[in-house]
Amino acid sequence: MLTTIEKVIFILLALVSAGFTIHGIKTIVDSVRKGRPTPELKNVPSSLLKAGVAVLFQRTIFKARKVLSTIHLGLFFGLITYAFVNLVDVLEGFIPGFELIYGGRNFAFTFLPAGIINAFNLIADLMSGALLFSIAVMMMRRFVVKDKRLNYRENVLLNPKVKAGAHQKDSATVGLFVVMHVAARLLGQAYRLDTGADPFMPIASFLNSIFGASQTGLHIAWWVSIAWVLYILPYITRSKHTHFTVGPVNLGLAKQNPHGQLDPAVPLKVVNGNHYDPGAKFLHDLSWKRVLDSYACVQCNRCQDVCPANFYGRPLSPSALEVNKRYLIKEATFGSHPDRLLLPLTETVISPEAIWSCTTCYACVRVCPVGNEPMADIIDIRRRMLIDGAEIDSGVQNALQSLATNGNWMSKGKRLRGRWAKEMEFPVKNATEEPVENLWFVGDTASFDERVIPNTKMVARIFNQAGLDFGIMYQNESNAGNDVRRVGEEGLFEQLVEQNMQAFGKAQFKQIVTTDPHSFNTLKNEYPQFGGKFEVKHYTVTLLKLFEEGKLTVKNKLSHYKVTFHDPCYLGRYNGGFTAPRKLLELLGVDFHEMPRNCENSFCCGAGGGQIWMGKVAPGERPAENRIREALTTFEKNSSDKKQLFIVTCPKDMVMYSDAVKTTGNEGKIEVRDIIQLVAEAVGVEMPIEAEPAPSPA
Amino acid sequence: MNIVVAIKHIPSIADDLPVKGNNVDFDSVDFVLNEFDEQSIEQAVLVKEAVGGTVTVVGVDLIGELDNVLHLALAKGADKAVKVTADEPGADSHQQAKWLAEAIKGMSPDIVFAGVQASNDLDGQIGPMIAAYLDMPYIGGVSSVEAAEGTAIVTKEFAGGNAGKYSVSLPIVVGVQAAPKPPRYAPVSKVRQVAQTATIEKISPSADGAGAGLSMKKMAPPVVTGHAEMFTGSSKEVAAKIVELLKSKGLA
């Protein structure tokens, strides 16, 4: 189809395009390779294959925004189709007679049956329509309706280019490309139909009925369509649309270790004898996978939607973190600012205030369709800030200091940890002195907080009544360190692990039971790296088992309670502990109503990752308050006179939500209870008459 | 600038304070660094950061566990650590001041910082007594120090939120009420690193008795006599109850 001169021009243009594209790819690869080693990835080909299948079925994107995800199908399959279409179009330009494949007529290459040709034409034609429709919807959403979810809060640190709307321009460019490219190609197909409509090219046939057939038109359309491709390929390597190719790869290279196990502060594998300081100050202190994340991100902002800190008005947007990283590299490589790579990440990528707003709830990582882990960046930055002596919140500092000296964050003496147990009406075994089947790791809040201790005692009573052989470690227990590690104090975390491992060494037990999901997470997922070989169970699982074994029986069904349940992040999203609490509630016979955000999609109470220690409280609706309102709305839809309960299975939740009920003025409408209180009522625990709290030192 | 910080290791009150005989049961209580000394270490490091010099931290090792505290101070920016190995948990502030003064004497300090008081005896004697032993002037209740060659501007707190600025000539002993910034956090990994590498100079205490000459006759926890009464109800009801109470006490 092309003349010789045209062919020469095309080849020259293609070479230029390929040159810029390869340069773009090389720049990305070089930047990624400068990152630190990640924990070893096993069986990479099979993970990539799995990710490929997930992408093909668009599985990960449907975790949120079902309608837009459906539109994304059009983009995804449309662009894949067009990769083939463009290849065929180029062949057409170069191989005489190739154009005859269109319409399945007079086909020169007889080895392909007409059926396949027709199918190709039909798919290409329909996908052109799907692509145009999808891109139109997406562009309408961005530029006409102006979906707020695509914006960043005013207080979020943004690269100046992003602040000036570079990402909008980026979207417009690629959107325009898709429209022009597909429209030109469709029009070309219409011009081609000189013998009238082709049933396998319905859209082109329709256009043909308007524009007619024209060889010149076809020729021009071919050039417009293909020239766009030559422009857009190198462009993509310099834009957020690296997403197209890096997204699936990144998903395949995503974290393989348990969700609840943080990467070490210093890579375990040392490359070329490099020395690594713990955590991350500069971009290339992050692991290469964290750098790659930024190229996979297309700024859909699903992470921002589910971020409790962002909801709370804090300056944190996981998506902004990713885009800032990419622009930082872009300015250093394609732009004229390599010096900016030598600025701390806290100046270029994420503000210190945002760093300290993260609750480590994992919602951003969970929802990300391309396997990004912005939370990991945040923790690495915290780690280095602590080492470098950055000023930290005074509440956090007090907590850490107390943890270092007392083993708990509440500035209580070690010996006070088991005081609640000594007040019980039966002896609670000391697991470091006599063998027990179940070592109950109680945790700080449940051991020390006056508001939670009644529930702790109730757990002991139920265990006792069910004949469960259990004990606690009294003053030998230290904070498990889950949140210490997530605040970035790796050294203190290691110290706490050592203390607890020493205590476990003194004890004889079959398994560990925890009441605190945070302790549960680190004991289960992180202690094994420090030699901890034990089974860890959350008390909801233990309770369920006691019911199943008949050691606990429901005497009073609790149908007079209307109940909803909050999944704690570290039990649910991190460790998949969704069923035990729900089965328990079913056994107890409560009138159960699920909140819209449940299980994987549960909304953080706002306490995790050290937030509960913060001395400063930011203004605005707190996540926990929002959650209480969500529960009340759920109840309103199922209105009845029953008493309304908000059930928790985490001591921190007890504190957070009891406060939130008060601060939202909903006392009397909804009550926060630990699941153990319901169990106690249902199985009929004889309550001792609570003595007056012991007056302090008498 | 040669900066010295005199610190004090005291029984922790995170636990219930155990009493044995007529004193604290020192065997079953944890010891911690006096809170005001945390401030004074911070102040010392701030001065060093501003004008240069070395910070030497010196304390009396009462129970053989002072190293932890000294390591922490080194991790926070002190340069040298010295301990007087006394092994006498009940040594009073007069005795400790004497030992500290003897340890500091040879250091020819420009500024000696000491916490303005400690929560175990609340007598605020360490600073003034060190000053007396070293024949140096003393200024207490200090919340900020800006040092220069041979002089310092010292902010001293007074009642009612008032503050006075003094220009003092060095050397001087300063009783620190609070540092201008909250004491910095020393990451545990750094403290552990210091613990492995640091050497702590040991000084034997002189045999001279220098105690206050007071002896404790009895120590007992306060007797609980009553509980606070919490008013409940709506804000109007609570207000009414408060008014009633004030009236019954003849205050309204």
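In what follows, chains are A, B, ... by sequence order, proteins preceding strands, each numbered from 1. These numbers come from the heavy atoms of this one structure, side chains and all, not from hydrogens, waters or symmetry mates.
Atoms CG and CD, from B:Leu33 and A:Gln401 in turn, are 10.0 Å apart once rounded to the nearest 0.5 Å. The distance from atom OH of B:Tyr185 to atom CG of A:Leu400, rounded to the nearest 0.5 Å, is 4.0 Å.
Residue B:Arg192 touches chain A through its side chain alone, counting heavy-atom pairs closer than 4.5 Å. Contacts of A:Thr405 with chain B are absent, with no heavy-atom separation under 4.5 Å from either backbone or side chain. The parts of A:Gln495 that come within reach of chain B are both its backbone and its side chain, each placing non-hydrogen atoms under 4.5 angstrom from that chain. Looking at A:Leu492, both its backbone and its side chain come within 4.5 Å of chain B, counting heavy atoms on both sides. In this structure, the portion of A:Glu391 lying under 4.5 Å from any heavy atom of chain B is its side chain and not its backbone.
The shortest non-hydrogen separation linking A:Ser411 to B:Ala14 is O-CB, 3.7 Å. Contact detail for A:Ile387 and B:Ser189: the closest heavy-atom pair is CD1-OG, 3.3 Å.
Heavy atoms of other residues, nucleotides or ligands lying less than 6.0 angstrom from NZ of B:Lys241 number more than 12. For B:Ile13, the CD1 atom sits in a loose shell: 12 or fewer heavy atoms of surrounding residues, nucleotides or ligands are nearer than 6.0 Å. By the neighbour-count criterion of 12 heavy atoms within 6.0 Å, atom CD of B:Glu35 is sparsely surrounded, having that number or fewer from other residues, nucleotides or ligands.
Just one residue in the list A:Lys412, A:Arg419, A:Lys414 forms a salt bridge (Lys or Arg N to Asp or Glu O under 4.0 Å) with B:Asp16, and that residue is A:Arg419.
No other option in B:Val32, B:Val191, B:Val188 has as many heavy-atom pairs under 4.5 Å with chain A as B:Val188.
Judged by distance alone, with hydrogens and angles left aside, the side-chain atoms of A:Gln397 form a donor-acceptor pair with the main-chain N or O of B:Pro183 at under 3.5 Å.
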